[in-house]
Amino acid sequence: MEQLHAWTEDPRTAIQLQKALAPRVIREDCLPTSVDLIAGVDVGFEPLDPKRNVRVDPAAPSLTRAVIVVMEYPSLRVVEQVLHRQPTTMPYIPGLLSFRELPAILEAYACLEHRPDLLMVDGMGIAHPRRVGIATHLGLWLDKPSIGVGKSRLCGRHAEVPDVKGAMVPLIDKGEEVGRVMRSREGVKPLYISQGHRISLETACDWVRACLTRYKLPEPTRQADRLASRRTREGVLMREARSTGQDQA
DNA sequence: GCGACAG
DNA sequence: ATCTTGTCGC
């Protein structure tokens, strides 16, 4: 029961933890009768160096910026935004992304005043080598329905996706369908949709499509992405966010 | 052993 | 993820 909240920063232990979490993921629809609030989750990084110059090396100290945008469905109006920053402690390791980004996301989530019915996370759900991508890990931790919306492939193979908005193709890994590759918009790279937790693949794809407008990313993720990757400049960021978590550094 | 590899 | 200018196309 409490293993869902176990934590580590050691790569080897993290992999063991993922293997223990995998069988606890619910892949069937287990969400509210009515989904009225959808949260978009994304993370960005900003160099901590006073002398941010020429080349940025990913290993240099930085701040992890987690953003959560809550939208009302079906109006897709933003009802709340939270931005939280804290020192980055773990490096990016393919397959262990959640161990690098979850801490900041959880802090941001704790600042929310609204209770979203569904989470759309920038990254993979079960379309992961051990079936526990960041969307899944977050869903398990919060025991909340979640969907993974990735911009590129982590694992699995798939056919070419027709260049027609809404077209989908299965994403197969080790013989199982772990997600679907969707053309969210013509002329752009497709999205990698996968179940996070407490949702079926069909329903996950339905929600992503329901949140698409004229852009590549579904609104929840697009709005969160805007704030997460926006360059900081004289505190403008903090003023634009409706409410924010208090900083540490 | 070699290549692949979310953000 | 992050840096970075112009440029091609609807």
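Just so we're on the same page: letters track the sequence lines, and every chain starts at 1. Every value quoted in this text rests on a predicted model; they were computed, and no experiment measured them.
- Note on A:I134: a base of the nucleic acid sits closer than 4.0 angstrom, heavy atoms only.
- Within the model, atoms CG of A:L140 and CG of A:L138 stand 9.0 Å from one another, a figure rounded to the nearest 0.5 Å.
- Taking atom CG of residue A:L138 and atom C1' of nucleotide B:dA6, one finds them 15 Å apart after rounding to whole Å.
- Note on A:G187: nothing from the nucleic acid sits closer than 4.0 angstrom, heavy atoms only.
- A sub-4.0 Å separation between OP1 or OP2 of B:dG7 and a side-chain N or O of A:R100 is absent.
- Regarding contacts with the backbone of B:dG7, a side-chain N or O of A:K151 is found under 4.0 angstrom from either OP1 or OP2.
- Whole-Å rounding puts the A:L154 CG to B:dG7 P distance at 8 Å.
- In this structure, the CG atom of A:L48 is 20 Å from the P atom of C:dA1, given to the nearest Å.
- A:Q18 pairs in a side chain to side chain donor-acceptor pair (under 3.5 Å) with only one of the listed residues (A:R130, A:H137, A:R131), which is A:R130.
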As a quick check of understanding, evaluate side chain to side chain contact (heavy atoms under 4.5 Å, CB included) for A:M71 and A:Q223, giving each step before the final call. CA-CA 9 Å; A:M71 336 190 66; A:Q223 293 303 332; 3.9 Å; yes

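- Residue A:F45 is classed as a sugar-phosphate contact, given heavy-atom separations below 4.0 Å to backbone atoms only.
- Within a 6.0 Å sphere centred on CZ of A:R157, heavy atoms belonging to other residues, nucleotides or ligands number 12 at most.
- Among the heavy atoms of the strands lying under 4.0 Å from A:G150 are primed sugar atoms or P, OP1, OP2 only; no base atom is included.
- The aromatic ring of A:Y92 does not sit over the base of C:dA1; the criterion of centres under 5.5 Å apart with planes under 30° is not met.
- Following rounding to the nearest Å, A:D173 (CG) and B:dA4 (P) show an atom-to-atom distance of 16 Å.
- Base contact: A:L96 has a heavy atom under 4.0 Å from a base atom.
- Not one side-chain nitrogen or oxygen of A:S62 sits closer than 4.0 Å to the OP1 or OP2 atom of C:dT2.
- The interatomic distance linking A:M124 (CE) with C:dA1 (P) rounds to 14 Å, in whole Å.
- In this entry the distance linking CZ of A:F99 with P of B:dC5 reads 22 Å, nearest Å.
- Taking atom CD1 of residue A:I105 and atom C1' of nucleotide C:dA1, one finds them 13 Å apart after rounding to whole Å.
- The CZ atom of A:R231 sits 10 Å away from the C1' atom of C:dT4 (whole-angstrom rounding).
- Of the listed residues (A:R180, A:K151, A:H158, A:R153), just one forms a side chain to side chain donor-acceptor pair (under 3.5 Å) with A:Y192, and that residue is A:H158.
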